[in-house]
Structure formats: structure tokens, C-alpha cells
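Numbering of ligands and ligand atoms starts at 1, following listing order.
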Amino acid sequence: MNTEQLVRTFTEYFEERGHRRITGSTLLPPPGDPVLFTTAGMHPLTPYLEGRPHPLGRRLVNVQRCLRTTDLEEVGDPTHLTVFEMLGTWSLGDYEGPASLDWGYGLLTEGFGVDPALLHATVFGGDGQVGPDTDSLELWQQHGVPVEVTGEDNWWSNGPTGPCGPDSEIFLWTGDTPPRSTPTRDDRWVEVWNHVMMRHRRLPDGSLVPLPQRNIDTGLGLERLASLLQGRTCVYDSDLFAPWRLRLPVLWPLDESSFRLVCDHLRSAVVVIGDGVRPANTGRGYVLRRLVRRVLTVLWRDDPSRGLGDLPAELIRHTLDHFRQDLPLDDVRRVLCEEERRFRRLLERGRQVLARPRFRGPLDEEDFHYLHDTHGLPRELVLSLRAG
Ligand code: SER
């Protein structure tokens with residue numbers, strides 16, 4: 001199944017079960033949300049999870065692009081991406097957790113053809129404030145799926161305050177030999193689908209109050225699922241990245257982990273630009289700036305003449321099309337190239353400044369402040385220039 005078929009199978013399965021498809025939002029969360037970017041499919045739905053009636057009813061399904069920078073340092077390994085898509089379903093005060101898990105099991109095994117023997121579930125075992133999730137435990141036991149009971153690993157929240165609740169996660173076995181251990185002990189169990197029983201709100205003092213309705217919020221990472229169903233353990237080997245695999249190595253020969261980083265960050269930069277963000281020194285613009293500069297740092301390590309003006313149009317177009325963005329391709333390229341020019345100038349200035357006798361020895365906090373405030377050189381850059 002390619003990615004497109006997978007999305008169709010997923011949405012149709014839930015539409016047949018009374019869910020209405022909503023259009024995914026941009027990466028910019030609604031006003032008042034505590035994070036810079038949408039990091040989960042539920043973000044744009046927060047007001048509805050908190051009780052406002054949704055115009056399309058109580059059962060929803062969608063595909064939502066998300067950006068997570070918490071994993072930035074892990075990009076380069078086989079599974080982490082900064083921008084990804086989350087397939088999601090919601091019950092806004094309608095059905096309960098066992099129905100959601102039952103459908104999840106049905107879709108994975110019958111719809112996607114996953115061998116039930118390769119599944120494992122985890123459920124919330126309770127804490128001082130909320131009791132154990134026995135409903136989910138019983139559902140999994142009825143299906144004969146092994147279950148691991150955990151504590152905070154099975155509690156989902158969107159931040160220190162706001163909607164939250166116990167969750168039940170579904171894992172798929174990726175090892176070559178039969179599984180002998182559980183998801184928290186063996187990372188060859190890969191999490192594919194999270195079902196959150198979102199029925200609490202955390203207040204600033206840490207206490208929990210019930211939400212006005214008992215919701216279900218589920219999320220399933222599309223790229224990860226696609227690669228697993230296509231028999232790959234690396235997300236960059238799924239059909240979604242095929243054009244990148246074809247074009248990038250010819251242009252810029254890179255080792256595997258650098259390829260993944262360049263591919264991930266460029267794809268994310270295109271999407272973020274497509275959603276209207278421009279490079280800046282703060283907020284969302286700074287995330288974009290970091291993505292582009294990390295790419296350039298990797299590219300220039302081997303060959304400083306490499307430049308983003310050479311990025312094949314097909315890769316920018318493929319990304320814009322996939323994320324249904326209509327910004328003209330040349331505008332994306334212009335933003336990337338302007339940022340590249342700025343970064344080159346900054347590096348030149350940085351090298352000149354750091355060559356001064358004052359900065360030859362160890363640097364103290366005052367030096368870092370001065371370099372930042374007077375010369376626009378962030379600490380990260382100063383450190384990398386001195387290391388290089
Ligand atoms: N909000 C949950 C998650 O992000 C399920 O969608 O995992």
C-alpha cells in the first residue's frame with residue numbers, strides 16, 4: 001500500500017463508522033495554544049475537546065501536518081522526522097475508549113493486513129489521582145493482544161496544563177526474531193497508534209478537573225506507518241521519500257545520516273515556508289532559520305560551494321503538493337537562498353571577529369553576550385566556528 005492508498009483506507013474506514021472528514025489545518029496552532037507549532041492532530045480541535053459543539057458533529061477523522069522540534073537532535077536516525085503527518089480520529093463526547101481500540105485493532109489487522117501476533121498494547125495503570133484503565137485492558141485481553149501496564153508513559157498531555165488523559169498505545173513488532181519482551185524494554189516494538197481517553201483538564205496548580213465531555217483522541221504517524229507496512233524500518237525508505245532518494249545523492253553525495261537530516265530539514269523548511277513563516281531570530285522564524293542553517297552546515301562540511309539554488313524543483317514541488325500548499329515554487333526557493341546568503345555573511349563575519357586576540361582563549365559569559373549582542377553571533381554558531 002502506498003501512502004496515498006493508506007490515507008484513503010484510513011479515512012474511508014472511519015467514514016463508514018460515522019466519522020466526518022475535516023480539513024487539516026496549517027502548522028500554526030490556534031491563538032492561545034501554548035506551543036509554536038501544531039505538534040499533534042488534536043491541536044486545532046482543542047476548543048471542541050473542551051466542549052464547544054463542532055459543526056460536523058461528534059465523530060471526526062483527518063490528516064494533520066505536525067512539527068516537533070523536541071526531537072531535532074535525533075533526526076538522522078531511522079525514524080525521526082521534524083514534520084510529519086498524523087492520521088487522527090475523534091469522539092467528541094460520543095463513543096468510549098474500547099470502541100476506539102476495537103476499530104483500531106480491526107483496521108490494523110483487516111484493513112492493513114497486520115499479523116495480530118505482531119501487536120502489543122500498553123495501558124495506564126493508575127496513579128494517585130486517576131485509577132487504572134481497566135476498560136482498555138479488558139478490550140485487549142478479549143482480542144488476545146499482550147498488554148503492558150505502565151504509569152506516566154500512558155498519560156498524554158499537550159503541555160503542563162490543558163486537556164489530558166490516560167492513553168493506550170499500540171505497538172508493532174519490527175524485530176527479525178519473535179518478540180520476547182515488552183514495549184518499554186525492547187525498542188523493536190515501534191509505537192504506531194495512540195488512543196487518548198481525553199477527559200481531564202490539568203490546572204496550573206497540578207490538580208485535575210473533568211472536561212465537560214468524555215472524548216477520545218487518536219493519532220497515528222503516517223510516515224512511520226507507511227514505512228512499516230511497506231516492510232521498512234526506516235521512514236526515509238517509504239514511497240514518500242522516493243523522489244528524495246533518487247535526486248539528492250546525485251546532487252550532494254552524503255553519508256546516510258546526513259542524507260536523512262538534509263532531506264528531513266529541507267522538507268520541513270519548505271512546509272514551514274509554505275505555511276507563511278519567514279526566517280527570524282525568534283519564535284517560529286527561528287525554528288525555520290535553525291532548520292536551514294543545520295542543512296547548510298552539513299552540506300558545507302564537505303563542499304562549501306554547495307547551495308540551495310541547486311535543490312531540484314521537483315523536490316520542492318513534491319513537498320508542496322503532498323502538503324496541499326499553493327505557494328509558488330520560486331518563492332520558496334527565494335526564501336531559502338536569501339537565508340543561505342545571510343548565513344554565509346554571518347559566518348564570514350564570525351570568523352573575522354573570532355580571530356581577534358580577545359577571543360583566542362576560553363570564552364566567558366560576557367564574551368558570549370558581546371558576540372551575540374554586538375555581532376549577531378549566537379552561542380551555537382560561535383561554538384561550531386571555534387570547533388571547526
Ligand atoms: N494526541 C495524541 C498524540 O499526539 C493522540 O492523537 O499522540
Side-chain angles (χ1 to χ4, degrees), residues 6-7 10-11 13-14 19 21-22 24-25 27 29-30 33-50 54 58-71 74 79-105 107-108 120-124 130 133 136 150 152-172 183-184 189-202 208 211 213-225 228 235:
L6 208 151
V7 172
F10 179 84
T11 44
Y13 182 88
F14 282 98
H19 294 65
R21 168 109 191 232
I22 50 172
S25 309
L27 282 173
D33 198 291
V35 296
L36 286 179
F37 289 102
T38 293
T39 61
M42 50 73 66
H43 269 148
L45 292 170
T46 307
Y48 308 103
L49 291 162
E50 294 194 332
H54 193 284
R58 291 178 171 276
R59 298 184 180 196
L60 305 174
V61 55
N62 94 347
V63 185
Q64 173 64 48
R65 55 177 170 273
C66 302
L67 189 153
R68 289 189 182 173
T69 50
T70 41
D71 297 338
E74 292 177 70
T79 56
H80 281 92
L81 294 168
T82 44
V83 164
F84 62 97
E85 284 187 291
M86 202 182 259
L87 304 173
T89 60
W90 291 273
S91 155
L92 301 174
D94 188 349
Y95 56 83
E96 293 271 331
S100 180
L101 294 173
D102 196 41
W103 286 333
Y105 178 82
L107 178 59
L108 285 174
H120 205 301
T122 58
V123 303
F124 182 65
V130 176
D133 181 7
S136 300
T150 83
E152 61 183 30
D153 278 354
N154 279 97
W155 184 268
W156 198 87
S157 62
N158 174 27
T161 58
C164 55
D167 66 24
S168 180
E169 299 177 6
I170 309 175
F171 291 77
L172 193 57
T184 64
W189 284 112
V190 176
E191 184 204 328
V192 290
W193 203 344
N194 189 11
H195 294 236
V196 184
M197 326 315 153
M198 199 169 276
R199 34 186 195 240
H200 305 275
R201 180 189 291 128
R202 173 95 54 201
L208 290 175
L211 284 173
Q213 63 198 20
R214 293 162 66 86
N215 307 291
I216 303 295
D217 154 46
T218 87
L220 188 155
L222 176 60
E223 293 79 358
R224 187 182 291 184
L225 181 73
L228 290 174
V235 287

Problem - Per-atom contacts of ligand 1 with D217, taking only distances under 4.0 Å to non-hydrogen atoms - result: 1 (N), 2 (C), 5 (C), 6 (O)
Practice task
Could you tell me whether the side chain of F10 reaches within less than 4.5 Å of the side chain of L107, counting heavy atoms only?
Solution key: yes
Handout entry: Ring centre gap for F14 and H19 strictly below 6.0 Å
Key = yes
Problem - ligand 1 versus T218: contacting region, heavy-atom distance under 4.0 Å - result: backbone
Exercise for the section: Determine, using ring centers only, whether H195 and Y105 are less than 6.0 Å apart. Expected result: no
Handout entry: Per-atom contacts of ligand 1 with R68, taking only distances under 4.0 Å to non-hydrogen atoms
Key = 4 (O)
Exercise for the section: Quick one: sort the F124 and W155 rings into parallel, tilted or perpendicular, breaks at 30° and 60°. Expected result: tilted
Problem - Donor-acceptor under 3.5 Å (R224 side chain, E191 main chain) - result: yes
Problem - Proximal ligand 1 atoms for N194, defined as those under 4.0 Å from one of its heavy atoms - result: 2 (C), 3 (C), 5 (C), 7 (O)
Fill in the blank from the handout: Per-atom filter on ligand 1: closer than 4.0 angstrom to a heavy atom of G219 are 5 (C), 6 (O)
Handout entry: Side-chain (N154) to main-chain (D167) donor-acceptor, under 3.5 angstrom
Key = yes
Fill in the blank from the handout: The atoms of ligand 1 lying under 4.0 Å from a heavy atom of A40, numbered in the order shown, are 4 (O)
Handout entry: Polar side-chain atom of D217 near backbone of W90 as donor-acceptor pair, under 3.5 Å
Key = no
Handout entry: atom 3 (C) of ligand 1 - nearest protein heavy atom and its distance
Key = W156 NE1, 3.3 Å
Practice task
With heavy atoms of V196 as the reference, note each atom of ligand 1 found under 4.0 Å away.
Solution key: 2 (C), 5 (C)
Completion exercise
One finds that the ligand 1 atoms under 4.0 Å from a non-hydrogen atom of M42 are 1 (N)
Practice task
Answer yes or no for M86: is there a heavy-atom contact with ligand 1 below 4.0 Å?
Solution key: yes
